[in-house]
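Heads up: the structure comes next, in structure tokens.
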Number of protein chains: 2
Amino acid sequence: MSIQYQGLVTHGLASQIADKIKQAILEGALKVDERLPTEEELAQRFAVSRPTIREALKRLAAQNLIRSRRGPTGGTFVNQPTQAETRLMMANATALLVSMGELSLADIAETRQELESLCCRLAAERRTDEQLQVMREEISRQREPTLSDQDFCASDVRFHRTLIAAAHNPALDLASAGVIEALQPAINLMVFRFRDRAQVADQHAAIHQALMARDGKAALCALTDYMDVLTTQYQAAQAANEQPKISAKTTPTAQTSKTSKANTSTSLSRQARSKKSAP
Amino acid sequence: MSIQYQGLVTHGLASQIADKIKQAILEGALKVDERLPTEEELAQRFAVSRPTIREALKRLAAQNLIRSRRGPTGGTFVNQPTQAETRLMMANATALLVSMGELSLADIAETRQELESLCCRLAAERRTDEQLQVMREEISRQREPTLSDQDFCASDVRFHRTLIAAAHNPALDLASAGVIEALQPAINLMVFRFRDRAQVADQHAAIHQALMARDGKAALCALTDYMDVLTTQYQAAQAANEQPKISAKTTPTAQTSKTSKANTSTSLSRQARSKKSAP
DNA sequence: AAAGTACCATTTGTCAGACAAATAGGAAAT
DNA sequence: ATTTCCTATTTGTCTGACAAATGGTACTTT
């Protein structure tokens, strides 16, 4: 009568073991940089074979929770999670959502604008002289006529990352990671004319100046101008990219060893079709 | 003389294969729900053994990029990333950073307040009647005196998640995931007195009423009050928790059949010792 | 005696083959 | 026609082994 109809097993041995070790790390039973037992010893402890242990460890390694080294002093160690790594992971996950069409660029752009507005207000109080210096360097780089388009975009990203860093709140930095990096591929598709570049650089300079004067409102205005230009440019680039759609798609699978790669025709148009929700 | 001194191998075969498959998915060569070859076939294609392929697939499975099923119609399929899963992953990563002391609760609390303030402004325009209804239900639940402490906290989280959802911006929802969920364990440590509960419920009601009237400023004021109460409560709980260290924690893991593992000295105190960052 | 070198022990990385488990489809029996 | 059983296919796990890396140790040489 008292048969348990649930709670048997649903996710395989390796998955369960991975969860147990992860839980141990989360609870602090395994401290950072602590070496956990050998794979063979773990196999004995959990009463499974070594490949199963290895699969469990691989799952954890994929999440940057542990690292492994060979040799006598080697073994498996608990990784200390870094803000930079977490940030990278979030950016990747967000980019994946975008490429799969689960997130619209319009939503991301709005969130980015709101978050950077927030950063403008906080950075006006907290920015350091070093961050202002970095901004100046990027602005002068952006005014270099010989800069390639992608270098220009990279510099743009660095400027805005500096703006966010100037807010001096790591949690806010982390929360902004996705919306900043996920927007970069779209921006990279734009080719800025010389006049646009100057405009962008001027707006960056305006932000920099406002932050130097600790004037949050002025920084916010400059940021808003920048965002307006960006959306205008994006719409123009989108319109220009809708015409040449003749590019033949390569057969989807077809990948043996090296022949991957190809088009990046990630349906620009569909993603851009995001709207405001009708009440 | 033209020897390549770099780019040999740095991360093992399985890692390289995982990266290749991941890149194929990212570039669209492998579409969603598409079945990729069997493990044996992949092993032949990449000229490695099946365990190596399996380790590569496990790495991808740990990132929710693929799923596997057994049987004739089984195999490995490309997963469609979901906002909910991505959100969960971000929440986990943030919680890990907090438990490792890489993120201070003060920074998270500030970011949460700013993000929710933002949501108040947006939600005042965009909230739906259904979301108002959900808020009403949670508020009435929070006024139930028989509710347990953790159920009260869970209801609190649901209320604020509804507030964020009412902003109707998936990207903002995603960005807020970490700071909302990462703060919950800290809140769970608090035991609310009856008077505090009534206060929280009243502030929730004030937010709800302001959103119903589409008054963003009023919602923001109510939210600010709520946050003030929360930080006050937290500081009180923190001070109270520093004295009584005698409380015995229940064994967290509680192994089933295997006699593995041992102590789980879940140093409570270390996690709670977070403070404000000195500028 | 000090320093360099060769060897060795330990641990993860990879390979090979095999069996177990799950699952869908088809064949056979009622 | 429906149910039941069998079978083929694919992943999950086990066993055993060898390869590669890496630090320590003992030996040799200066």
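Note on naming: letters A, B, ... go to the chains in the order of the sequence lines (proteins, then strands), and numbering restarts at 1 for each one.
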Measure from CZ on B:F46 to P on C:dT14 and round the result to the nearest Å. 14 Å

B:T162 and B:Q131: side chain donor to acceptor below 3.5 Å: no

Return the value, rounded to whole Å, for the distance between atom CD of B:Q44 and atom P of C:dG17. 12 Å

Under 4.0 Å between a side-chain N or O of A:T38 and OP1 or OP2 of C:dT10? no

pair B:M90-A:T94: side-chain heavy atoms closer than 4.5 Å: yes

Answer with yes or no whether the side chains of B:Q63 and A:Q63 bring together a donor and an acceptor at under 3.5 Å. no

Salt-bridge criterion met for A:R141 and A:E138 (N-O under 4.0 Å): yes

Backbone of A:L172 reached by a side-chain donor or acceptor of A:S176 within 3.5 Å: yes

Would you say the side chain of A:V179 lies within less than 4.5 Å of the side chain of A:I108, judging by non-hydrogen atoms? yes

When rounded to whole Å, the CZ to P distance for the pair B:R54 and C:dA16 reads 16 Å

Spacing of B:E39 atom CD relative to C:dC19 atom C1', expressed in whole Å: 15 Å

Any residue meeting side chain to side chain contact (heavy atoms under 4.5 Å, CB included) with A:T52, in chain and number order, not counting sequence neighbours: A:L13, A:A14, A:I17, A:V48, A:S49

On DNA chain D, which is the earliest and which the latest nucleotide, 5' to 3', with an atom closer than 4.0 Å to a heavy atom of chain A? D:dT13 to D:dG23

Return yes if a side-chain donor-acceptor contact under 3.5 Å exists between B:E40 and B:Q44, otherwise no. no

Only counting residues at least two apart or in another chain, list the ones meeting salt bridge (charged side-chain N to carboxylate O under 4.0 Å, His left out) with A:E181. A:R87, A:R161

Using the salt bridge (charged side-chain N to carboxylate O under 4.0 Å, His left out) rule, take B:R45 and B:E41 through it: C-alpha gap first, then chi angles, then the decisive distance, then the call. CA-CA 6 Å; B:R45 296 267 196 107; B:E41 195 169 341; 3.5 Å; yes

Without decimals, in angstroms, what is the distance between B:I53 CD1 and C:dA16 C1'? 15 Å

Any A:R35 side-chain N or O less than 4.0 Å from OP1/OP2 of C:dT11: yes

Positions of residues 57-72 of chain A (non-hydrogen atom under 4.0 Å from DNA chain D), listed by number: A:R70, A:G71, A:P72

Taking five pairs at each end, how big is the angle between the two axes of the helix from C:dA1-D:dT30 to C:dT30-D:dA1, to 10°? 10°

Considering only residues two or more places apart or on different chains, which pairs with a residue in residues 66-75 of chain A satisfy salt bridge (charged side-chain N to carboxylate O under 4.0 Å, His left out)? A:D33-A:R67

